[in-house]
2 protein chains.
Amino acid sequence: MALKELASASNKKAKRVTVHDVARVAGVAIGTVSRVVNGAPSVTEEVRSRVLNAISELGWTPNVAAQGMRGVSARMIGFIFSDIRNPLYSAMVKGAEDALTEHGYMLVVASSNSSPEREVALVELFTRRRADGLLFTVEEESDAGMLQAIRDARFPVVLIERELALPIDTVGADHFNGTRQAAEYLLSLGHRRIALISGGKTNRVGRDRLGGFLQAHQRAGVPVDRDLLRLDSFASEYGFRETQVLLGRERRPTAIISSGMHLLSGVLEAVRMKGLDIPGDISLITSNDTELARLATPAVSVIRYDPYALGREAALQLLRRIARETPQDPIRIEIPTEFVLRQSCSPPRMIVK
Amino acid sequence: MALKELASASNKKAKRVTVHDVARVAGVAIGTVSRVVNGAPSVTEEVRSRVLNAISELGWTPNVAAQGMRGVSARMIGFIFSDIRNPLYSAMVKGAEDALTEHGYMLVVASSNSSPEREVALVELFTRRRADGLLFTVEEESDAGMLQAIRDARFPVVLIERELALPIDTVGADHFNGTRQAAEYLLSLGHRRIALISGGKTNRVGRDRLGGFLQAHQRAGVPVDRDLLRLDSFASEYGFRETQVLLGRERRPTAIISSGMHLLSGVLEAVRMKGLDIPGDISLITSNDTELARLATPAVSVIRYDPYALGREAALQLLRRIARETPQDPIRIEIPTEFVLRQSCSPPRMIVK
DNA sequence: TTGTACGCGTTATCAT
DNA sequence: ATGATAACGCGTACAA
């Protein structure tokens, strides 16, 4: 029985019904059918209902490919990021998808696996597939091939958490002020040796975080020890290794800001291995908010923002750009960050001058 | 013809390049161009290279809409799940995407938000958009509308972590043996009152877990207290609430198996609030593996499987089905589970007879 | 081996 | 208000 059903399903010839069939059944010309479905004003109510009846009777829906030939958009948006398993990206994707769905668009996800070459191939793919727009978290902001691919693209692009030397809309979290606020708080507690562990030195996120960190120190008149800046990776292992190194120093930091989804687990592990107490021996602030940060003992203070909202705003801006409902000049949208104080911070045990 | 060319040449609008342009530049007919790009055997090497030169010179790529009209597939696959923010789904999506990309397919993600009505709308959307196939984690296995929508779909479907009363390929983790193994381990430690907190009572995942749990008890000759079965939700809050209730009982369980990505945080919180020691007062096993499980104190034993591999296998099976490279009978693929022992289990302090 | 002409299903432009 | 028909760009059967 199972076999039979499967066979009949795949053998289903399904002669496709077209406007011609609808026109025939409704007793009108195909032009009239098109006018009805596309809401042209000049159609008699009587003809209109005859056509609609025929349509539902035959279960007709317009052939997307044929519409495409007539210039009707495929209503498809691409989203390029490194890897959707990063919870930030999956939340952004959900936010974008929800906004796009409301406007009848599909979302195609495309992982670059952090390869600029693959990014170029993907942009070209979306160009060939006639995408209506692209959400893009670029890997390397200065990669020449990628820049050229974006210039050659036939659709609007909205950058997510990145910025380029091109006039393109951008949406990103306010990492500058988030990190500034975190650093200011630690400085106000009396910390004078604060380490910053982060990645993305060459993109907007990393730059803004470092900028906020430096500004807080500058305002407080506290010099920054460059040796406490560890800005080479977002990976958990990097957080682990660099924390070990930092805590092994003679004049070790009294606080750490780890800016990256996956860094916290590495940092925590290194602190534990060292047998140090949080916040007694070392204060800790991380970004972004995660279950681990909330449920660790003690709970870890975080800089957080809403990646869902970020994805949603980016998609909405892209839709505005597609509909030409936005000024020609590129728009820059910032998603606010919030500093959430938990139990991982206290004044330093010994003030290091 | 010459007049027409002149007219379009003077027209400022950027004209799209077509096979005709390529043919003109290469000095051949359009049929030849088509034969070259589609790898027809009967083309002189000289003509072939002339055409290829013209193509790269003009930067021509076939219009997908026009190809679609000729029956060429859009090479697009849909993936319907409840919410991509569930890390299991984002890992599956990555696995599926990687497999599909290797074969030149795009992946369209579609969240159902757990609504069967939305699932139906999405299946119909993919039908209209002429998707080549669908990966589908159905919300309600017995929803009539959804079943009909799948029957009406014109493309093959592969179910993920679900099974239906339809002859369709399925790919799922071996939750039955995973849960059985976990329960057997706890029983071997001497536990006689083991609670099971899980969701999905009416889908494959929930059924298999309960089945494995019951079989372990049956084999060990240990009766199951139905009051210890809490099978109504995967939500963190549910884990919290039910754990509170269970631990508040006079004859409380000596061990808990929580089967669901988000349950652990709720369970842990309830155990902490109760001031109980893990594993001294209560043993704990959860599914699936997470950062929280690894980094909690003590680290929590888990039943784990590889959702990336699951998504990948599902996509590969879908591709085989599309290519008709698989027997007509539905295939059932099981992804193995693994029991990882950590520090959250010990013999019960007091044996409850 | 290569060229020509038709058809895919829709939308839009003319007529009527 | 409605009908007839051209055009979109490609693939392919058939003709040369």
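When reading the values below, keep in mind they use all heavy atoms of this one structure, side chains included, and skip hydrogens, waters and symmetry mates. A note on names: the letters A, B, ... follow the listed sequences, proteins ahead of strands, and every chain is numbered from 1.
Within the structure, salt bridge (charged side-chain N to carboxylate O under 4.0 Å, His left out) pairs that include any residue of residues 92-116 of chain B comprise B:Lys94-B:Asp98, B:Glu102-B:Arg312 (at least two apart or interchain).
Remark on DNA chain D: of its neighbouring residues B:Ala65 and A:Thr44, the 5'-side contact belongs to A:Thr44, judged by nearest-heavy-atom nucleotide. Between B:Ala66 and B:Val43, the one whose closest nucleotide on DNA chain C sits nearer the 5' end is B:Val43.
The side chain of A:Thr32 lies closest to D:dG3 when the candidates are D:dG3, C:dT2, C:dG9.
For the salt bridge (charged side-chain N to carboxylate O under 4.0 Å, His left out) test, residues two or more places apart in sequence or in another chain that qualify with A:Glu141 are A:Arg207. Evaluation of the side-chain hydrogen bond (donor to acceptor under 3.5 Å, both in side chains) rule for A:Asp152 yields A:Gln148 as partners, not counting sequence neighbours. Remark: A:Glu46 pairs with A:Arg50 by the salt bridge (charged side-chain N to carboxylate O under 4.0 Å, His left out) rule, at least two apart or across chains.
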>> Does the protein touch nucleotides 11-16 of chain C at the base, only the backbone, or not at all? Give it as B, S and - per nucleotide, heavy atoms under 4.0 Å.
In response: BBB---
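Within the 4.0 angstrom heavy-atom criterion, base atoms lie near A:His20.
Rounded to an integer number of Å, the gap from A:Met69 CE to C:dG7 P is 15 Å. Remark: P of D:dA7 and CZ of B:Arg16 are 15 Å apart, rounded to the nearest angstrom. C:dT1 atom C1' lies 14 Å from atom CD of B:Glu45, rounded to whole Å.
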Show me, pair by pair, the donor-acceptor contacts under 3.5 angstrom made by side chains of residues 70-81 of chain B, not counting sequence neighbours?
residue : atom : partner  : partner atom : Å
B:Ser73 : OG   : B:Arg75  : N            : 2.8
B:Ser73 : OG   : B:Asp132 : OD1          : 2.9
B:Ser73 : OG   : B:Asp132 : OD2          : 3.1
B:Arg75 : NE   : B:Gly104 : O            : 3.4
B:Arg75 : NH2  : B:His103 : O            : 2.9

>> Set out, in order, the CA-CA distance, both residues' side-chain angles and the distance that settles salt bridge (Lys or Arg N to Asp or Glu O under 4.0 Å) for B:Arg162 and B:Glu139, then state yes or no.
In response: CA-CA 9 Å; B:Arg162 299 290 185 272; B:Glu139 187 61 27; 5.1 Å; no
